[in-house]
Student: 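Structure below; questions to follow.
Start at 1 with the first residue, then count along the sequence. Values below: every heavy atom of this structure, side chains too, minus hydrogens, waters and symmetry copies. Predicted, not measured: the structure shown is a model, and the values here were computed from it.
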Amino acid sequence: SVIIPSYECLDHLKSCINSLKSYTSDFEMVIVDNASATPVVDYLKQLPEEGHKLICNDWNAGFSYAVNQALEQVPEDHDVVILNNDVVVTPGWLDALAQAAYHDDSIGMAAPRQVLLAGDPEVKRHVPYASSDFEMDINLSLIHRNVIDPFYDPTAGLVELNFAPFCCVFIRKDVLSQVRLLDHLAGFHYGSDSSFCSLVRHQLKRRIVYTSRSKIYHFHRQAAQHLK
C-alpha cells in the first residue's frame with residue numbers, strides 16, 4: 001500500500017500519481033486529503049476507484065494524522081510506503097526498496113535516494129560540498145547526521161541509518177504489526193518520523209537501511225509553502 005498525504009500542490013500531486021502508475025505494479029494507493037481547495041479534491045474524486053482508496057478531511061489534520069488515517073485502511077498483510085505528494089518515482093523504485101527492506105530479518109525499514117534538482121538551495125544544507133550544478137541525493141545528510149554504518153552491505157548497496165525522512169520510506173508489515181501508527185500529537189507535520197524511527201531501532205531492535213538502487217525525485221516542501 002502506498003500512502004499519500006495530500007494538501008494542495010495539484011500539479012505535483014498529478015505528477016506523483018502519474019509516475020506511480022507508470023513505474024509501479026501490484027500496489028494500491030491510499031490518499032488522504034487535508035482539506036485542499038476544490039480543484040485538488042475534484043481531481044482526486046475523478047480517479048478510478050479500482051486500486052485506490054480516498055479519504056477527504058474537512059480540516060487540515062496534518063501529515064502525521066493523515067498517515068494514521070490511511071494506515072487504518074491498510075490490510076495487515078500489506079507492507080507500506082509513505083510517500084509525499086511532491087515526489088516523483090522512477091523505474092524500479094519499489095522493487096529496489098522491497099529488496100532492501102527484506103535483505104535480512106534484522107531490517108525493518110528502507111529508504112531510497114531522495115534526489116533534489118540542480119540549484120535547489122536545500123542541497124548545500126544537507127551536502128555542503130556538493131556542486132549546485134548537479135542534482136543531489138540528500139538522504140545521507142549532514143543535517144540529520146543519520147549515517148550509522150556506510151559499509152553495512154556494499155555489495156547490496158546498503159547503508160545503515162538512524163533516521164529516514166518520511167517523504168518516502170518502506171515499512172515492513174511485521175514492523176507495522178507492532179508499531180501501527182505515528183505519534184501525531186508529538187509531530188503534527190514534522191517529528192513523528194523521527195520518533196517512529198527511534199521506536200523501530202531501540203524498542204524493536206530493527207535496522208533502517210538506505211539503498212542506492214531506488215531513486216525518487218523530491219520537489220521539496222511544496223505543501224509546506226502553502227501552509228505558510
Side-chain angles (χ1 to χ4, degrees), residues 1-75 78-91 93-98 101 109-115 139 164-173 176 180-182 184 187-190 192-193 196 214-227:
S1 296
V2 178
I3 290 174
I4 305 176
S6 167
Y7 180 67
E8 301 300 355
C9 310
L10 179 58
D11 290 341
H12 288 92
L13 177 63
K14 287 181 178 179
S15 296
C16 177
I17 291 174
N18 288 340
S19 70
L20 276 172
K21 291 180 176 179
S22 297
Y23 302 129
T24 317
S25 59
D26 191 24
F27 77 106
E28 68 166 8
M29 285 188 295
V30 186
I31 304 171
V32 181
D33 185 77
N34 271 327
S36 296
T38 300
V40 174
V41 176
D42 286 347
Y43 164 72
L44 291 172
K45 288 183 175 179
Q46 61 82 35
L47 291 173
E49 291 185 6
E50 184 178 357
H52 93 279
K53 301 169 184 175
L54 175 62
I55 300 171
C56 290
N57 292 327
D58 56 8
W59 61 294
N60 192 338
F63 173 90
S64 306
Y65 192 80
V67 169
N68 286 348
Q69 288 178 283
L71 286 170
E72 296 283 11
Q73 302 298 315
V74 171
H78 281 206
D79 300 306
V80 161
V81 174
I82 298 172
L83 191 70
N84 272 22
N85 65 340
D86 55 0
V87 162
V88 171
V89 304
T90 65
W93 75 285
L94 185 56
D95 288 343
L97 272 181
M109 299 165 54
R113 295 162 61 198
Q114 178 195 172
V115 178
N139 255 2
F166 275 20
C167 65
C168 180
V169 66
F170 185 108
I171 308 173
R172 285 175 47 156
K173 57 193 172 189
L176 288 169
R180 188 63 182 174
L181 302 174
L182 277 60
H184 68 275
F188 184 68
H189 290 297
Y190 304 107
S192 60
D193 51 359
F196 192 97
S214 176
K215 178 181 180 181
I216 58 109
Y217 283 96
H218 189 193
F219 297 90
H220 212 243
R221 296 178 183 265
Q222 294 299 316
Q225 296 299 323
H226 284 275
L227 283 171

Student: On a heavy-atom basis, which atom in C9 and which in N85 lie closest, and how many Å separate them?
Tutor: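 Smallest heavy-atom distance, with atoms named: CB-ND2, 4.0 Å.
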Student: Can you measure from CG (N34) to OG (S6) and round to the nearest 0.5 angstrom?
Tutor: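 Going from CG on N34 over to OG on S6, the span is 7.5 Å.
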Student: Measuring from D86:CG to D11:CG, what's the distance to the nearest 0.5 Å?
Tutor: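 Output value for this atom pair is 12.5 Å.
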Student: According to side-chain hydrogen bond (donor to acceptor under 3.5 Å, both in side chains), who are the partners of D193, at least two apart in sequence or on a separate chain?
Tutor: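 D193 satisfies side-chain hydrogen bond (donor to acceptor under 3.5 Å, both in side chains) with no other residue.
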Student: Does a side-chain heavy-atom distance below 4.5 Å link Q73 with V32?
Tutor: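 Contact flag for Q73/V32 side chains = no.
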Student: What pair of heavy atoms forms the shortest contact from K173 to D79, and how long is it?
Tutor: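 Reported closest heavy-atom pair: N-OD1, 2.8 Å.
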Student: Measure the shortest side-chain to side-chain distance between I216 and N84 over non-hydrogen atoms and say whether it is less than 4.5 angstrom.
Tutor: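 Contact flag for I216/N84 side chains = no.
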Student: Determine the interplanar angle of the W59 and Y65 rings, folded into 0 to 90°, and report it as parallel if under 30°, tilted if 30 to 60°, perpendicular if over 60°.
Tutor: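 Ring orientation of W59 relative to Y65: tilted.
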Student: Identify the heavy atoms of S192 and S64 that sit nearest to each other, and give their distance.
Tutor: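 Taking S192 first and S64 second, the nearest heavy atoms are OG-OG, 2.6 Å.
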Student: Examine distances only and state if a side-chain atom of N139 and a backbone atom of P112 form a donor-acceptor pair shorter than 3.5 Å.
Tutor: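 Yes, because the side chain of N139 sits within donor-acceptor range (under 3.5 Å) of the backbone of P112.
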Student: Give, for atom CE of M109 and atom CG of L176, the distance between the pair rounded to the nearest 0.5 Å.
Tutor: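 Rounded to the nearest 0.5 Å, the CE-CG separation comes to 9.0 Å.
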Student: What closest approach, in Å, do P5 and I3 show between heavy atoms, and which atom pair accounts for it?
Tutor: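 Here P5 and I3 meet closest at CD-O, 3.8 Å.
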Student: Roughly how far apart are I17 CD1 and L83 CG, rounded to 0.5 Å?
Tutor: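 Here the interatomic distance stands at 10.0 Å.
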Student: Sequence neighbours excluded, which residues qualify as side chain to side chain contact (heavy atoms under 4.5 Å, CB included) partners of A37?
Tutor: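 If we apply the side chain to side chain contact (heavy atoms under 4.5 Å, CB included) test to A37, skipping adjacent residues, the hits are E8, P39.
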Student: What's the spacing between S1 OG and L71 CG if we round to 0.5 Å?
Tutor: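 So the OG of S1 and the CG of L71 are separated by 9.0 Å.
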Student: Are F63 and I82 side-chain neighbours, meaning at least one heavy-atom pair lies under 4.5 Å?
Tutor: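 With C-beta onward as the side chain, the pair touches.
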Student: Which residue pairs satisfy the salt bridge (charged side-chain N to carboxylate O under 4.0 Å, His left out) criterion with at least one member in residues 32-50, sequence neighbours excluded?
Tutor: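 Sorted pair list comes back empty.
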Student: Give the C-alpha distance, both sets of side-chain angles, the deciding distance and a yes or no for side chain to side chain contact (heavy atoms under 4.5 Å, CB included) between L44 and L13.
Tutor: CA-CA 9 Å; L44 291 172; L13 177 63; 3.7 Å; yes
Student: Kindly state each residue pair satisfying salt bridge (charged side-chain N to carboxylate O under 4.0 Å, His left out) with at least one member in residues 52-69, sequence neighbours excluded.
Tutor: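 Output for this query lists E28-K53.
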Student: C16 and S19: which non-hydrogen atoms are nearest, and at how many Å?
Tutor: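 Scanning both residues, the minimum pair turns out to be O-OG, 2.8 Å.
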Student: Who pairs with A98 by side chain to side chain contact (heavy atoms under 4.5 Å, CB included), at least two apart in sequence or on another chain?
Tutor: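 For A98, the residues satisfying side chain to side chain contact (heavy atoms under 4.5 Å, CB included) (neighbours in sequence not counted) are F170.
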Student: Which heavy atom of V41 sits nearest a heavy atom of S36, and at what distance?
Tutor: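 Where V41 meets S36 most closely, the heavy atoms are CG2-O, 3.7 Å.
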Student: In sequence, state the C-alpha distance, the side-chain angles, and the governing distance for Y23 and V88, and then conclude on side chain to side chain contact (heavy atoms under 4.5 Å, CB included).
Tutor: CA-CA 10 Å; Y23 302 129; V88 171; 5.7 Å; no
Student: Before you tell me yes or no, could you show the steps for R180 and V74 under side chain to side chain contact (heavy atoms under 4.5 Å, CB included), namely the whole-Å CA-CA distance, both residues' side-chain angles and the distance that decides it to 0.1 Å?
Tutor: CA-CA 10 Å; R180 188 63 182 174; V74 171; 4.0 Å; yes
Student: Would a 4.5 Å heavy-atom cut-off, applied to side chains only, mark K21 and L47 as touching?
Tutor: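 K21 vs L47: side chains touch.
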Student: With T90, which residues qualify under side chain to side chain contact (heavy atoms under 4.5 Å, CB included), at least two apart?
Tutor: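 Once residues adjacent in sequence are excluded, the partners of T90 under the side chain to side chain contact (heavy atoms under 4.5 Å, CB included) criterion are W93, K215, Y217.
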Student: Less than 4.5 Å apart, side chain to side chain, heavy atoms only: is that true for V30 and Q69?
Tutor: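 Of all side-chain heavy-atom pairs linking Q69 with V30, none is under 4.5 Å.
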Student: Going from NE2 on H52 to CD1 on I31, what distance comes out if it is rounded to the nearest 0.5 angstrom?
Tutor: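 If I round to the nearest 0.5 Å, the distance is 5.0 Å.
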Student: Would you say that more than 12 heavy atoms from the other residues, nucleotides or ligands in this model lie under 6.0 Å from the CZ of F27, or not?
Tutor: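 Counting other residues, nucleotides and ligands, CZ of F27 exceeds 12 neighbours.
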Student: Taking the six-membered ring for Trp and the single ring otherwise, decide whether the centroids of F196 and F166 are under 6.0 Å apart.
Tutor: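 Between F166 and F196, which both carry aromatic rings, the centre distance is below 6.0 Å.
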